[in-house]
*Asks:* 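Could you have a look at this structure, given as structure tokens, before my questions?
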2 protein chains.
Amino acid sequence: MGQGRPYHHGDLRNALIDATMELVRERGARGFSVSEAARRAGVSISAPYRHFADRDSMLAAAAMLGFRELEARFDTLLAGQSFGDHAAQIAVSYLRFALEYPARFEVMFAPGIDRLRHPEMLGQAERVQQRLEDTLAPYLDGEPLAERAAQLWALAHGVATLAVEGALQHFIGDQHYERIAENAARAWSAGVQPTPPGGT
Amino acid sequence: MGQGRPYHHGDLRNALIDATMELVRERGARGFSVSEAARRAGVSISAPYRHFADRDSMLAAAAMLGFRELEARFDTLLAGQSFGDHAAQIAVSYLRFALEYPARFEVMFAPGIDRLRHPEMLGQAERVQQRLEDTLAPYLDGEPLAERAAQLWALAHGVATLAVEGALQHFIGDQHYERIAENAARAWSAGVQPTPPGGT
DNA sequence: AGCCTCATGTAAGAACCTCTCACATGAGGC
DNA sequence: GCCTCATGTGAGAGGTTCTTACATGAGGCT
């Protein structure tokens with residue numbers, strides 16, 4: 001003994017989540033495999049099943065980290081701006097998150113993962129929505145807040161998704177994504193709350 | 001001979017695509033397997049590899065059908081309406097497509113499929129974009145058309161994606177999706193092209 | 001101190017999967 | 001009537017998920 005790893009790892013769960021994130025980054029959610037994660041964590045192939053029900057649960061655990069990171073980003077948004085500025089900032093920071101951590105983003109919204117079987121992920125999605133509502137609330141008084149928040153989320157999510165998937169790539173140079181997010185959000189907010197005709 | 005299927009299937013490629021779509025609908029893109037598709041088409045497990053390079057190529061072929069269907073929908077959109085009406089119609093019909101054929105939609109934008117290895121899919125995405133540009137062109141004269149089309153696409157795609165994934169489910173009843181798509185598109189278009197102050 | 005429990009690890013295996021190879025078949029051109 | 005070659009088959013190598021019975025040793029209890 002001594003030279004080898006002790007029989008009990010000590011923090012296998014987290015080591016596995018790390019390995020999962022690493023793998024997802026390298027190979028995408030589909031390329032991820034429990035066996036390879038176990039290999040990288042230096043344990044046997046069946047060890048992960050002591051900590052996660054199945055493959056999807058490992059991905060879900062990684063997705064949770066992504067949601068927390070996204071929430072943290074929303075926390076740093078500056079308040080005290082105009083509605084349009086704020087909306088644009090949300091859309092752009094959502095997009096930036098997706099582009100900086102495409103793997104995390106992919107896992108968070110991977111169609112393969114059954115959200116109903118992983119309720120903690122549903123909760124996280126609700127928190128995203130809630131966060132948006134809180135941010136928009138000051139600007140939207142007589143408005144259906146939840147719906148408006150969902151609209152902005154959809155807008156941001158759409159840009160981010162298409163950008164990550166590269167669906168827009170052929171039309172628009174790589175650095176225009178942010179402009180698209182920004183301008184779309186600005187147009188939307190201007191439509192929601194037109195600046196009154198008599199300003200200044 | 002006679003009672004059994006003839007040695008050569010005759011239209012195996014299409015039969016396999018059908019089986020693929022069926023399977024994707026039942027189990028999602030991740031649950032799809034070449035073997036099961038072969039089984040359903042009544043051929044050996046290796047037969048599909050005569051027609052498709054690999055698993056992803058089968059999914060890509062199914063996705064192509066989805067894109068064509070989506071295009072066909074766009075063709076039925078009524079012209080001669082206002083900008084807002086048209087934008088709303090696009091967003092809503094995009095959403096309806098996604099909700100009616102979630103499997104098709106999933107496969108079309110499944111993150112697992114490497115679009116660069118399946119250039120025909122990139123082409124289809126371009127055609128979606130092109131279709132949107134053509135539709136919006138009459139309304140947007142001095143505007144950056146490609147960007148505006150991308151914005152509307154992103155908006156529609158975002159609503160559709162979140163709806164299919166059920167991310168919004170907990171906040172908004174199932175039938176409100178269309179309203180969200182519609183109102184988001186209307187707000188966006190109003191922001192892009194505000195109705196001039198002195199209109200009757 | 002010494003024992004015992006039980007969470008955490010392992011090894012082996014069943015049941016799938018993708019993809020490749022050498023070989024079989026028979027439709028269609030000549 | 002022959003011959004070619006696209007299309008289908010069977011077997012198999014190597015990968016996967018997840019289960020089951022068993023091993024280990026950390027930490028609580030006497």
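Letters A, B, ... mirror the listed sequences (proteins, then strands); counts begin at 1. Values in this document were obtained by computation on a predicted structure and should not be read as measured data.
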*Asks:* What is the distance, to the nearest angstrom, from the CG atom on A:Asp54 to the P atom on D:dT16?
*Replies:* 17 Å
*Asks:* Quick test of your reading of the model: are A:Arg131 and A:Glu126 salt-bridged, counting only N-O distances below 4.0 Å?
*Replies:* no
*Asks:* May I ask you to verify if any side-chain N or O of A:Ser44 is less than 4.0 angstrom from the OP1 or OP2 atom of C:dA11?
*Replies:* no
*Asks:* Is a donor-acceptor contact shorter than 3.5 angstrom present between the side chain of B:Ser46 and the base of D:dG10?
*Replies:* yes
*Asks:* Decide, yes or no, whether a salt bridge links A:Glu36 with A:Arg39 under the criterion of side-chain N to carboxylate O below 4.0 Å.
*Replies:* yes
*Asks:* Would you kindly give the CZ-to-P distance between A:Arg55 and D:dC18, to the nearest whole Å?
*Replies:* 8 Å
*Asks:* Quick one: is C:dC17 close enough that its OP1 or OP2 comes under 4.0 Å of any side-chain N or O from B:Arg30?
*Replies:* no
*Asks:* DNA chain C: B:Ala53 or B:Glu36, which has the more 5' nearest nucleotide?
*Replies:* B:Glu36
*Asks:* Just the rounded figure in Å: distance from P of D:dT16 to CE of A:Met58.
*Replies:* 13 Å
*Asks:* Quickly work out the B:Tyr49 OH to D:dG8 P distance and round it to whole Å.
*Replies:* 15 Å
*Asks:* Measure from CZ on B:Arg13 to C1' on D:dT7 and round the result to the nearest Å.
*Replies:* 14 Å
*Asks:* Among D:dT17, C:dG9, C:dT20, which is the nearest nucleotide to the side chain of A:Ala47?
*Replies:* C:dG9
*Asks:* Under 4.0 Å between a side-chain nitrogen and a carboxylate oxygen: does that hold for A:Arg186 and A:Asp85?
*Replies:* yes
*Asks:* Determine the interplanar angle of the A:Phe105 and A:Phe97 rings, folded into 0 to 90°, and report it as parallel if under 30°, tilted if 30 to 60°, perpendicular if over 60°.
*Replies:* perpendicular
*Asks:* Got a second to check how far A:Leu70's CG is from A:Tyr101's OH, nearest 0.5 Å?
*Replies:* 11.5 Å
*Asks:* Closer than 4.0 Å, any side-chain N/O of B:Arg39 to the OP1 or OP2 of C:dC16?
*Replies:* no
*Asks:* Hey, does the side chain of A:His51 come within less than 4.0 Å of C:dG9's phosphate (OP1/OP2), counting only N and O?
*Replies:* yes
*Asks:* Over how many whole Å does the gap from B:Leu23 atom CG to C:dT18 atom P extend?
*Replies:* 10 Å
*Asks:* Counting side-chain heavy atoms from C-beta on, which of D:dC18, C:dC17, D:dA21 comes nearest to B:Ser35?
*Replies:* C:dC17
*Asks:* Is it the case that over 12 heavy atoms from other parts of the model lie below 6.0 angstrom from the CG atom of B:Asp141?
*Replies:* no
*Asks:* A:Leu59 CG to D:dT17 C1': how many Å, rounded?
*Replies:* 13 Å
*Asks:* With sequence neighbours excluded, what pairs up with B:Arg55 under the side chain to side chain contact (heavy atoms under 4.5 Å, CB included) test?
*Replies:* A:Arg30, B:Phe32, B:Val34, B:Leu59
*Asks:* Quick one: stems involving DNA chain C, counted as three or more successive Watson-Crick or G-U pairs, both distances short of 3.5 Å.
*Replies:* C:1-30 with D:1-30
*Asks:* Whole-Å distance between D:dG8 P and B:Phe52 CZ?
*Replies:* 11 Å
*Asks:* Of all the nucleotides listed (D:dC18, C:dG9, D:dG8), which has the minimum atom distance to the side chain of A:Leu12?
*Replies:* C:dG9
*Asks:* What nucleic acid atoms does B:Arg50 come within less than 4.0 Å of, heavy atoms only: base, sugar-phosphate, or nothing?
*Replies:* base
*Asks:* Ion pair present between B:Arg73 and B:Glu100, side-chain N to carboxylate O less than 4.0 angstrom?
*Replies:* yes
*Asks:* So what does B:Arg27 touch, heavy atoms closer than 4.0 Å: a base, only the sugar-phosphate, or nothing?
*Replies:* nothing
